[in-house]
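Notes for the one structure printed next.
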Amino acid sequence: MDKLQYLNDNPLPFARLLGLKFVAASETGVTAEMVVRPDLCTRPDILHGGAVMAFADTLGAAATVVNLPEGKTTATLESKTNFVGPAPVGATVIGETTPVHLGRRTHVWTTRVTTAEGKLVAVVTQTQMVL
């Protein structure tokens, strides 16, 4: 089955809650988008930092999933977020996840979160454990 189709046909419940839509998936990365809704915002109406982190964490996990050997699962071991700029309500954010390290026991991913206009919102580096 195509990796992108797999991610969209088997959504994580939390990804569904965020409104995340996968737009590309391969062994070398995952791309998704999400509309900034009022219920994902802080004051003023900009995307909450926790929502940014959850969005990026989901992409890193999904990127690991498409690289897992049969019968393996994954869990986030560590995540670090650098917040750079805001994403206002109504904006679409795009997350692009690329590998830093793809080992037998861990995968390390970097996710750049930008607005559809290309403004950088955050850079997230995370480590996924292969279980």
Side-chain angles (χ1 to χ4, degrees):
M1 175 185 286
D2 174 78
K3 295 177 185 317
L4 177 60
Q5 181 181 349
Y6 175 81
L7 292 175
N8 282 316
D9 288 351
N10 299 282
L12 300 168
F14 193 67
R16 193 174 314 141
L17 179 69
L18 289 173
L20 189 150
K21 178 184 176 194
F22 291 100
V23 296
S26 72
E27 290 83 5
T28 60
V30 169
T31 302
E33 56 187 34
M34 178 179 76
V35 174
V36 179
R37 305 185 316 260
D39 59 331
L40 297 175
C41 289
T42 186
R43 299 218 190 266
D45 290 332
I46 59 171
L47 187 60
H48 189 282
V52 172
M53 294 171 70
F55 177 59
D57 180 69
T58 302
L59 269 67
T64 299
V65 165
V66 300
N67 280 281
L68 287 175
E70 184 81 24
K72 297 288 187 178
T73 62
T74 187
T76 304
L77 188 61
E78 184 271 339
S79 185
K80 181 203 183 300
T81 303
N82 286 337
F83 297 102
V84 179
V89 69
T92 296
V93 290
I94 299 167
E96 297 178 304
T97 302
T98 55
V100 175
H101 167 75
L102 298 175
R104 287 184 306 116
R105 294 181 182 259
T106 61
H107 290 189
V108 180
W109 299 93
T110 296
T111 302
R112 290 179 52 87
V113 179
T114 62
T115 64
E117 296 76 29
K119 289 187 173 184
L120 186 60
V121 175
V123 178
V124 180
T125 302
Q126 74 185 86
T127 304
Q128 291 291 132
M129 183 184 299
V130 177
L131 304 168

Checklist entry - So, Asp57 and Thr76: side-chain donor and acceptor under 3.5 Å apart, yes or no? => result yes

Item to check | Contact summary for Ala75 and Leu131, nearest pair of heavy atoms | outcome: CB-CD1, 4.0 Å

Next on the checklist: Using 0.5 Å steps for rounding, measure from the NE2 atom of His101 to the OG1 atom of Thr110.
Outcome noted: 12.5 Å

Checklist outcome for this item: d(Met129 CE, Arg105 CZ) to nearest 0.5 Å is 9.5 Å

Next on the checklist: For the OG1 atom of Thr115 and the CD1 atom of Ile94, what is their distance to the nearest 0.5 Å?
Outcome noted: 7.5 Å

Item to check | Heavy-atom side-chain proximity of Val35 to Thr92 below 4.5 angstrom | outcome: yes

Next on the checklist: Heavy-atom count check: over 12 atoms from other residues, nucleotides or ligands less than 6.0 Å from Arg16 CZ?
Outcome noted: yes

Item to check | Heavy-atom pair of closest approach, residues Pro86 and Val121 | outcome: O-CG2, 4.1 Å

Checklist entry - Side-chain heavy atoms under 4.5 angstrom apart, residues restricted to Ile, Leu, Val, Met, Phe, Trp, Tyr: same cluster for Phe22 and Leu17? => result yes

Next on the checklist: Tell me if a side-chain donor or acceptor on Thr74 pairs with a main-chain N or O of Val130 at a distance below 3.5 Å.
Outcome noted: no

Next on the checklist: Whether the side chain of Asn67 engages the backbone of Ala63 through a donor-acceptor N/O pair (distance < 3.5 Å, no angle test) should be reported.
Outcome noted: yes

Checklist entry - Can you list the other members of the hydrophobic cluster that holds Val23, where links are side-chain heavy atoms under 4.5 angstrom apart? => result none

Checklist entry - What pair of heavy atoms forms the shortest contact from Leu7 to Ala25, and how long is it? => result CD1-CB, 3.6 Å

Item to check | Value rounded to 0.5 Å, distance of CZ in Arg112 from OG1 in Thr31 | outcome: 12.0 Å

Item to check | pair Phe55-Leu40: side-chain heavy atoms closer than 4.5 Å | outcome: no

Checklist outcome for this item: In this structure, CG of Leu18 is separated from CE of Met34 (nearest 0.5 Å) by 5.5 Å

Next on the checklist: Any non-hydrogen side-chain atom of Leu20 less than 4.5 Å from a side-chain atom of Leu59?
Outcome noted: yes

Next on the checklist: Using side chain to side chain contact (heavy atoms under 4.5 Å, CB included), reason through Val124 and Met53 one step at a time and then give a plain yes or no.
Outcome noted: CA-CA 7 Å; Val124 180; Met53 294 171 70; 5.6 Å; no

Next on the checklist: Counting C-beta onward and ignoring hydrogens, is there a side-chain heavy-atom pair between Val36 and Cys41 closer than 4.5 Å?
Outcome noted: yes

Checklist entry - Out of curiosity, Gln128 CD to Leu68 CG, how far, rounded to the nearest 0.5 Å? => result 9.0 Å

